[in-house]
Number of protein chains: 2
Amino acid sequence: MDAIDLRLIGLLRDNARSSYAELARQVGLSAPAVHERVGKLEAAGTLRAYRAEVEPEAIGLGVTALIGIIEDSGADTDDVLAALRIMPEIESCYFMAGVESYQLTVRVGTIAELEQLIVRINRTPGVASTRTAIALSTKWENRPQPGRDPAVG
Amino acid sequence: MDAIDLRLIGLLRDNARSSYAELARQVGLSAPAVHERVGKLEAAGTLRAYRAEVEPEAIGLGVTALIGIIEDSGADTDDVLAALRIMPEIESCYFMAGVESYQLTVRVGTIAELEQLIVRINRTPGVASTRTAIALSTKWENRPQPGRDPAVG
DNA sequence: TGAAGCCATGGATGCCATCGACCTGCGCCT
DNA sequence: AGGCGCAGGTCGATGGCATCCATGGCTTCA
């Protein structure tokens, strides 16, 4: 992980469909060298995936909400997590410090679907209560931040 | 926007670096046809960007937190937003219904940096108070959800 | 029923991914 | 000090891919 790797990561975060030739021009190496570096970053798990970012409204997912979950005192966290994992509407799931054990980002088509989702989560064994906040608008999402050398950090 | 477009979007959300030839095989069309469809989806803004998903720890961003912001009663929302926008640590920013006007996802390297960021946000004119919750672990993030035809939704 | 437009097909062409061979600089061992 | 081995680079070749263009079919609307 050196400065060139960080630049490659930055370039791929800006445009994951860049060709290796293009990346090579940008960082001043040959295409095979870039190919090998990117392959190693993928193998190391640093580059996890390449994803298209889609306008949610265009695919019928116009409602975004954040849901906090308070667990029952005796809840089995693994069971709760497994139940959450199979709900496709849950885009992100963080295990949090604080009263609310989980914080979810969810995406559905309509307020009615959001209601059904909340009911389903509340019925999940181990879930004591939920707190939902609806996003009126998304100012920005998943904005890439320039990486730093973790050794320096 | 038909079923094939939705499948193309799904394939690109799973792997944004798929070649057009590969996409064509998956959906049963020719490569030029896929090329044209994807181009139109990009032009329409449905496909916004292609991004590499990076392990945050590997680029020195191991601390994730969610911050809620309560605005001053007389705050100019545009000014607050502009101040937030120039903070690179803020990965996502939603304008919310409820007491907390904004909900942020932030990513920093250390708890000390998180503290500095919170101070900076609290000092921003128009910000009355903030509430921060730290993510102990990320169960999953940005999991793609199968799209639906928005006309049906 | 006819015409027009949209869209897929198939071929051609130049660029790209990718493999193998070789080179170079550095650290280590003798 | 000198040579060995390795990590990581360039170069060249080749097969596949992106992309443009001309052609032809299907649908839709008058």
Side-chain angles (χ1 to χ4, degrees), chain A residues 1-60 144 146-153, chain B residues 1-61 142 144 146-153:
Chain A
M1 171 68 65
D2 60 5
I4 291 183
D5 282 345
L6 281 175
R7 284 177 63 196
L8 288 173
I9 290 170
L11 291 168
L12 285 169
R13 288 220 289 176
D14 284 343
N15 180 12
R17 282 182 75 76
S18 300
S19 66
Y20 290 117
E22 179 61 28
L23 296 173
R25 278 189 289 271
Q26 301 271 338
V27 302
L29 290 181
S30 66
V34 168
H35 187 257
E36 186 176 345
R37 277 174 176 263
V38 171
K40 285 182 180 175
L41 288 169
E42 290 171 354
T46 302
L47 286 171
R48 272 198 212 137
Y50 305 100
R51 299 202 182 287
E53 193 181 297
V54 178
E55 176 158 287
E57 290 82 1
I59 56 171
R148 321 96 175 270
D149 191 328
V152 173
Chain B
M1 172 67 65
D2 60 5
I4 291 182
D5 283 343
L6 282 175
R7 284 178 64 198
L8 288 173
I9 290 170
L11 291 168
L12 285 169
R13 289 221 287 178
D14 284 343
N15 181 10
R17 282 180 76 75
S18 301
S19 67
Y20 289 117
E22 178 60 29
L23 296 173
R25 277 190 290 271
Q26 300 273 337
V27 302
L29 291 182
S30 66
V34 169
H35 187 258
E36 187 176 345
R37 278 173 176 264
V38 171
K40 286 183 179 174
L41 288 170
E42 290 171 353
T46 302
L47 286 171
R48 271 197 213 138
Y50 305 99
R51 301 203 182 286
E53 192 180 299
V54 178
E55 178 158 286
E57 289 81 3
I59 55 171
L61 297 172
N142 298 120
R148 320 94 176 270
D149 191 328
V152 172

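Sequence lines set the chain letters: A, B, ... in the order given, protein chains first and strands last, and positions in each chain run from 1. Note that the structure is predicted; figures quoted are calculated from it, not measured.
- Looking at every heavy atom in both residues, B:R48 comes nearest to A:E55 through NH2-CA, 3.7 Å.
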How far apart are the C-alpha atoms of B:V27 and B:L11, what are their side-chain angles, what is the distance that settles it, and do they pass the side-chain contact (heavy atoms from CB on, under 4.5 Å) test?
CA-CA 9 Å; B:V27 302; B:L11 291 168; 3.9 Å; yes

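- An end-to-end axis angle of 30° holds for the helix from C:dT1-D:dA30 to C:dT30-D:dA1, taken from five base pairs per end and rounded to 10°.
- The interatomic distance linking B:E22 (CD) with C:dC16 (C1') rounds to 17 Å, in whole Å.
- Across A:R17, A:E42, A:R13, a single residue satisfies side chain to side chain donor-acceptor pair (under 3.5 Å) together with A:Y50, and that is A:E42.
- Distance CG (B:L23) to C1' (D:dA18): 12 Å, rounded to an integer number of Å.
- Here A:R25 reaches the OP1 or OP2 of C:dC16: one of its side-chain N or O atoms lies under 4.0 Å away.
- Closest approach of A:A52 to B:A16, counting heavy atoms only: N-CB, 3.7 Å.
- Between the P atom of D:dA7 and the CD1 atom of A:I4 lies a distance of 18 Å, rounded to the nearest Å.
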Could you walk me through whether A:L12 and A:L23 satisfy the side-chain contact (heavy atoms from CB on, under 4.5 Å) test, starting with their C-alpha distance in whole Å, then the side-chain angles of each, then the deciding distance to 0.1 Å, before giving a yes or no?
CA-CA 8 Å; A:L12 285 169; A:L23 296 173; 4.0 Å; yes

Stepwise, does the side-chain contact (heavy atoms from CB on, under 4.5 Å) test hold for B:L47 with B:L8?
CA-CA 10 Å; B:L47 286 171; B:L8 288 173; over 6 Å; no

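- Here D:dG16 presents its P atom at 18 Å from OH of A:Y20, a figure rounded to the nearest Å.
- Summarising the geometry, the separation between CG on A:D2 and C1' on D:dG9 is reported as 13 Å, rounded to the nearest angstrom.
- Straight-line distance from the CG atom of B:D5 to the C1' atom of C:dC7: 12 Å, rounded to whole Å.
- Contact check of residues 27-50 of chain A against DNA chain D (heavy atom, cut-off under 4.0 Å) returns A:L29, A:S30, A:P32, A:A33, A:R37, A:K40.
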Run the side-chain contact (heavy atoms from CB on, under 4.5 Å) test on A:V38 and A:V34 for me, step by step, so that the C-alpha distance in whole Å, both residues' side-chain angles and the decisive distance to 0.1 Å come before the verdict.
CA-CA 6 Å; A:V38 171; A:V34 168; 4.1 Å; yes

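- With a 4.5 Å cut-off on side-chain heavy atoms, B:R37 and B:L29 count as touching.
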